[in-house]
Amino acid sequence: MGKKILVITGSPRKKGNSFAMTDAFVKAAEAKGHIVKRFDAAFMNVGGCRACDTCFKTGKACSFDDDFNTIAPEIEAADAIVFTSPLYWYTFSAQIKAIMDKFYAFMKVDKEIIGEKHGFAGKDIGGKVYGLISCCEENDVSVMDGICFSYKRTVAMLKGKSVGEVLIPNVWDVNDIHKTDGIEQAKALAEKF
């Protein structure tokens, strides 16, 4: 039986390399019978988290009403979540980061990690599986260590499990992704769900 997969993109370039990999992933996942819902963060109105600790207290995921409240029910309903983003300053793009910061609404505090004084407990979305698709201009995959660290810590904090990462270096211009195996790797990631 197919899974409900939520894809959240972070690229502001609709014809860019990370979008091409995202499109390939979505098509491959749908061909496997999965139901895919996609949100392109760069074209949404999502402000940063204000650390007010009032998540879900107004009946919405975020008390400051923006497009995150459209995404939040899909986060809850999804079996799997895939983040796709070009590498910006060695981590996620700002567009997707605003959404990721608001995942705080779903964080269950692990006192060993956060500390005893913190008492916030959001809605539990533990048990989901995650994937990462990213590319960068530099010709050294190690420059992607920052985005990988952020992704892995996010998955751990949300009590999820990563099924894989697609990390493609050396793509600068539009369509450079087709000079790599990035499209094939994105399709292969769909097989892991």
Side-chain angles (χ1 to χ4, degrees), residues 1-11 16-42 61 68 71-88 90-93 95-108 110 113 122-136 141-171 177-178 180-193:
M1 183 168 153
K3 290 187 174 5
K4 292 179 186 174
I5 302 175
L6 176 64
V7 174
I8 304 173
T9 74
S11 178
N17 295 303
S18 67
F19 259 43
M21 288 192 297
T22 302
D23 292 342
F25 171 83
V26 169
K27 286 177 188 165
E30 288 175 339
K32 298 267 316 159
H34 300 302
I35 299 165
V36 180
K37 183 82 174 188
R38 176 178 173 163
F39 288 102
D40 296 325
F68 183 74
I71 300 169
E74 301 298 334
I75 292 169
E76 288 184 84
D79 300 307
I81 298 173
V82 176
F83 299 112
T84 78
S85 178
L87 187 74
Y88 279 17
Y90 308 103
T91 191
F92 288 97
S93 70
Q95 292 87 342
I96 195 171
K97 186 70 167 62
I99 291 173
M100 293 177 75
D101 284 352
K102 287 191 174 189
F103 266 67
Y104 179 73
F106 299 105
M107 188 182 78
K108 298 297 274 186
D110 184 338
I113 294 172
K123 282 196 174 184
D124 188 4
I125 60 167
K128 295 186 187 303
V129 293
Y130 295 82
L132 172 65
I133 297 172
S134 186
C135 56
C136 69
V141 76
S142 74
V143 301
M144 301 179 93
D145 290 351
I147 199 169
C148 291
F149 178 81
S150 181
Y151 163 73
K152 289 174 183 173
R153 294 303 302 160
T154 296
V155 171
M157 189 69 79
L158 295 170
K159 312 274 189 254
K161 176 187 174 199
S162 175
V163 296
E165 302 161 17
V166 176
L167 306 170
I168 306 298
N170 201 28
V171 291
I177 198 67
H178 299 290
T180 73
D181 66 347
I183 298 294
E184 292 309 311
Q185 284 193 46
K187 290 178 186 176
L189 181 63
E191 297 290 326
K192 297 180 179 180
F193 291 89

Legend entry - is_close_aromatic(Phe83, Phe103), centroid dist under 6.0 Å: yes
Inset, instruction - Report yes if the side chains of Ile177 and Met21 come closer than 4.5 Å at any heavy-atom pair, otherwise no. - result: yes
Legend entry - Validation row: Tyr90, Asp145 side chains within 4.5 angstrom (heavy atoms): no
Inset, instruction - Kindly give the heavy-atom pair with the smallest separation between Leu189 and Glu165, and that separation in Å. - result: CD1-N, 4.5 Å
Legend entry - Verdict with reasoning, Lys97 to Asp101, per salt bridge (charged side-chain N to carboxylate O under 4.0 Å, His left out): CA-CA 6 Å; Lys97 186 70 167 62; Asp101 284 352; 2.5 Å; yes
Inset, instruction - List the steps and the verdict of side-chain contact (heavy atoms from CB on, under 4.5 Å) for Tyr130 and Lys161. - result: CA-CA 6 Å; Tyr130 295 82; Lys161 176 187 174 199; over 6 Å; no
Inset, instruction - Report yes if the side chains of Ser162 and Lys152 come closer than 4.5 Å at any heavy-atom pair, otherwise no. - result: no
Legend entry - Side-chain touch Arg38/Asp23, heavy atoms, less than 4.5 angstrom: yes
Legend entry - Donor-acceptor contact below 3.5 Å, side chain Ser134 vs main chain Leu167: no
Legend entry - Side-chain (Asp124) to main-chain (Gly126) donor-acceptor, under 3.5 angstrom: yes
Legend entry - Taking every non-hydrogen atom, the tightest pair across Ala78 and Leu6: CB-CB, 3.9 Å
Legend entry - Non-hydrogen side-chain atoms of Lys102 and Tyr104 separated by less than 4.5 Å: no
Inset, instruction - Would you confirm whether Lys32, through its side chain, and Gly2, through its main-chain N or O, come within 3.5 Å as a donor-acceptor pair? - result: no
Legend entry - Flag side-chain contact, heavy atom, 4.5 Å: Phe149 against Thr91: no
Legend entry - Check: Ala29 main-chain N/O paired with His34 side-chain donor or acceptor under 3.5 Å: no
Inset, instruction - Examine Phe25 together with Phe193 and report whether their ring centres are nearer than 6.0 Å. - result: yes
Inset, instruction - Could you walk me through whether Ile5 and Asp79 pass the side-chain contact (heavy atoms from CB on, under 4.5 Å) test, one step at a time? - result: CA-CA 6 Å; Ile5 302 175; Asp79 300 307; over 6 Å; no
Inset, instruction - Among Ile8, Val166, Ile133, find the residue that satisfies the side chain to side chain contact (heavy atoms under 4.5 Å, CB included) test when tested with Thr84. - result: Ile133
Inset, instruction - State plainly whether the residues Glu30 and Lys27 are in salt-bridge range, i.e. N to O under 4.0 Å. - result: no
Legend entry - Trace of the side-chain contact (heavy atoms from CB on, under 4.5 Å) decision for Thr9 with Ile96: CA-CA 6 Å; Thr9 74; Ile96 195 171; 5.9 Å; no
Inset, instruction - Mind listing the closest non-hydrogen atom pair of Ser18 and Cys135 along with its distance? - result: N-SG, 3.7 Å
Legend entry - Close side-chain approach of Phe106 to Glu76, heavy-atom, < 4.5 Å: yes
Legend entry - Heavy-atom side-chain proximity of Ile168 to Asp181 below 4.5 angstrom: yes
